[in-house]
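Before any comments, here is the structure.
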Amino acid sequence: MLRTVNRVLLALAGLVLIALGGSVLAVGYGVRPPHWWVHQSEHDVLLTAGERTRWREAGWWWPVLIAALAVLLLLALWWLAAGLRRRHLSALPLDVGHGDSAHLRGPALEGVLAAHTERLDGVERARVRLRGRTGAPVAHLHLTLAPDAAPLLVQHHVVTETLRTAKEATGHEDLRAEIWMNGVPHGAERVR
């Protein structure tokens, strides 16, 4: 969701900046704009002296301006922090003994976990995402269950088989999991 919002906001901000900057540049090079456009010639300024000093004497102007700019700054900082936060765990360190280490790529482990989970009875599809930190990884399993599946039994098999195998193979006993289950949409059966 956040990725979609981020892309839409970036696209809108880019389009607005390109449109405004391009129109000012075009007017500066002598292109005749439509009659309703703000700037009509290359000698126009962005803000006239009257526009710049119009609200100077109003007591509410500066607090409102500062509050609006502060809100914009906080939103921009939140957006930056959300974009910099790594949501996907790219690799897990493995201890191979003798002080040596190796890294297991996150997508490789995700694929193995998904394949192992899809072989369980009652699981139609499995999507796995590794998140968290390298010291505390969390596997997010999104399972699509068959119509006749028993969710508690599927959960038990995921925990006792899939996750136990992953913990033993990687040496990460702290591997936790969040399991989300959905059913396969199916039509009602007719009773005769």
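Nothing here was measured: the structure is a model prediction, and the numbers come from that model.
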Inset, instruction - Provide the full list of salt bridge (charged side-chain N to carboxylate O under 4.0 Å, His left out) pairs with a residue in residues 149-164, sequence neighbours left out, each pair given once. - result: Arg164-Glu168
Inset, instruction - Establish whether Leu141 and Val138 are linked, either directly or via other cluster members, by ILVMFWY side-chain heavy-atom contacts under 4.5 Å. - result: no
Under 3.5 Å, side-chain donor or acceptor atoms of residues 143-154 against the rest of the protein: list the pairs with distances, not counting sequence neighbours.
none

Inset, instruction - Output all residues satisfying side-chain hydrogen bond (donor to acceptor under 3.5 Å, both in side chains) with Trp79, sequence neighbours left out; order by chain, then residue number. - result: Asn6
Legend entry - Residues forming a side-chain hydrogen bond (donor to acceptor under 3.5 Å, both in side chains) with Thr162, sequence neighbours excluded: His116
Legend entry - Atom CZ of Arg127 with >12 non-hydrogen neighbours under 6.0 angstrom: no
Legend entry - side chain to side chain contact (heavy atoms under 4.5 Å, CB included) against Trp36, all qualifying residues, sequence neighbours excluded: Pro34
Legend entry - Rounded distance [0.5 Å steps], CG in Leu69 versus CG in Leu74: 11.0 Å
Legend entry - Co-members of the apolar cluster containing Leu75 [side chain, <4.5 Å]: Val71
Inset, instruction - Taking all heavy atoms of Pro107 and all of Ser90, pick out the closest pair and write down the distance. - result: CD-O, 3.9 Å
Inset, instruction - Could you list who else is in Leu12's hydrophobic cluster, with ILVMFWY side chains joined at under 4.5 Å, directly or through other members? - result: Val8
Inset, instruction - Answer yes or no: are there more than 12 heavy-atom neighbours, outside Glu173 itself, under 6.0 Å from its atom CD? - result: yes
Inset, instruction - Measure across Pro137 and Leu89 and return the closest heavy-atom pair with its distance rounded to 0.1 Å. - result: CB-CD2, 3.7 Å
Inset, instruction - List, by chain and number, the other hydrophobic cluster members for Leu73, where Ile, Leu, Val, Met, Phe, Trp and Tyr join if side-chain heavy atoms come within less than 4.5 Å, directly or indirectly. - result: Leu77
Legend entry - Co-members of the apolar cluster containing Ile66 [side chain, <4.5 Å]: none
Inset, instruction - Report the distance from atom NZ of Lys167 to atom CG of Asp174, rounding to the nearest 0.5 Å. - result: 8.5 Å
Legend entry - Non-neighbouring partners of Thr170 that pass side chain to side chain contact (heavy atoms under 4.5 Å, CB included), sequence neighbours left out: Leu94, Leu104, Leu109, His172
Inset, instruction - Find the distance between CG (Leu20) and CG (Leu25) and round it off to the nearest 0.5 Å. - result: 12.5 Å
Legend entry - Hydrophobic cluster identity match, Val128 and Met181, side-chain contacts under 4.5 Å: yes
Legend entry - Heavy atoms of other groups near Trp60 CH2, more than 12 under 6.0 Å: yes
Legend entry - For the student: nearest non-hydrogen atoms of Ala91 and His103, plus distance: CB-CB, 4.3 Å
Inset, instruction - Check side-chain hydrogen bond (donor to acceptor under 3.5 Å, both in side chains) between Glu178 and all other residues, then give those that pass, not counting sequence neighbours. - result: His140
Inset, instruction - May I have all residue pairs that pass salt bridge (charged side-chain N to carboxylate O under 4.0 Å, His left out) and include part of residues 104-113, sequence neighbours excluded? - result: Glu110-Arg129
Inset, instruction - Quick one: pull up CG in Leu113 and CG in Leu163 and give me the separation to the nearest 0.5 Å. - result: 7.0 Å
